[in-house]
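Below: one structure, written as structure tokens.
Both counts, for ligands and for their atoms, begin at 1 and track the order of listing.
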Amino acid sequence: MAKILITQHIGEAGVQKLREAGHEVTYRDETEPMTLAELQTAVRYTEGLVCLLTDKVDTAVLDAAPHLKMIANVAVGYDNIDVGVASKRGILVSNTPDVLTETTADHAFALLLAIARRVPEADAFMRAGSYEKFEMFPPLLGLDVYGKTLGVVGMGRIGAAVARRGALGFGMKVLYTANGVKTAVEQELSAQKATLPELLRQSDFVSINVPLTPETHHLFTLETFRQMKPTACLINTARGPVIKEDDLLVALREGIIWGAALDVFEAEPKMAPGLAEYHERLVVAPHLGSATGETRQKMVETAVTNLLAGLAGQPPPNALNAEQLP
Ligand code: GLV
């Protein structure tokens with residue numbers, strides 16, 4: 001039996017499963033993350049931690065958790081956890097890949113279509129009573145998607161799922177950046193690996209699918225936007241700080257790029273003030289990539305399965321650092 005802390009609301013099913021396995025579970029059924037001081041106090045006797053991407057688990061928290069054996073993040077991204085420090089202390093860390101891949105790619109495509117065809121602007125136009133006459137060239141002319149070039153920055157699981165939708169569903173030519181050549185994707189989708197500048201120069205739609213790391217932080221700045229086509233759209237369903245938001249605003253205002261669709265933000269949950277007030281050619285959503293009931297439930301189940309395995313001394317199926325532990 002281990003002492004488990006669940007930092008935020010994850011629903012009863014996951015909590016039950018951990019309790020049924022005989023663990024002593026402290027469930028903080030709230031939808032706000034704890035402050036650092038609260039989290040430090042809460043983890044004092046914790047052996048198993050279930051956390052969300054809004055819980056920052058860094059050295060300050062790990063220092064306060066001398067009994068911690070395993071952290072199960074209920075997210076595929078794990079930039080909120082200092083995995084390096086956890087590894088040095090023999091703490092296993094797991095994430096929830098696979099179960100959210102297709103759902104997140106669906107959302108990326110929903111945003112891509114929404115920005116290209118100006119769906120939110122059209123919705124607002126109708127509701128404002130502005131539709132008075134059919135016009136051959138209406139004010140809300142959009143962009144074609146079918147047959148255009150899709151640049152996928154980061155060809156991991158989600159990037160590949162976005163690429164598949166583009167190539168197979170919308171006849172798009174796919175360019176991508178990745179560490180190493182993704183032979184299977186190249187064969188299946190006739191995708192071509194490119195350098196980032198090449199991808200930016202050629203793509204009509206650029207989808208960001210990289211994890212947030214020191215290398216990808218502010219990968220997109222004014223300099224990057226200047227390499228894109230003025231008719232191109234940027235879609236970000238990865239992590240906000242990959243884009244320098246102030247620069248994106250300049251790029252949109254000055255027409256350096258055509259539009260952007262963002263699911264994630266640099267200082268989430270806030271948007272850069274200028275960006276929040278900018279309505280044209282910008283589609284925004286509150287980090288909903290994996291947010292369907294079914295998928296969020298599967299993420300919780302995955303995190304619980306990982307934690308139960310780790311605490312039982314078995315390899316968690318989605319351990320991120322099993323090889324790095326001392
Ligand atoms: C969501 O952003 C996730 O990383 O799961």
Residue [X] vicinity, atoms of ligand 1 by number, heavy atom under 4.0 Å:
| X | value |
| --- | --- |
| R239 | 1 (C), 2 (O), 3 (C), 4 (O) |
| L100 | 5 (O) |
| G77 | 3 (C), 4 (O) |

For [X] and [Y], indicate whether the former's side chain and the latter's backbone hold a donor-acceptor pair under 3.5 Å.
| X | Y | answer |
| --- | --- | --- |
| N73 | V93 | no |
| Q297 | E294 | no |
| D263 | L288 | yes |
| E245 | A272 | yes |
| D204 | T149 | yes |

*Protein heavy atom at shortest distance from atom 5 (O) of ligand 1*: V76 N, 2.8 Å
*Does T96 approach ligand 1 within less than 4.0 angstrom via side chain, backbone, both or neither, non-hydrogen atoms only?*
neither
*Among M299, E268, H287, which residue places a heavy atom closest to atom 2 (O) of ligand 1?*
H287
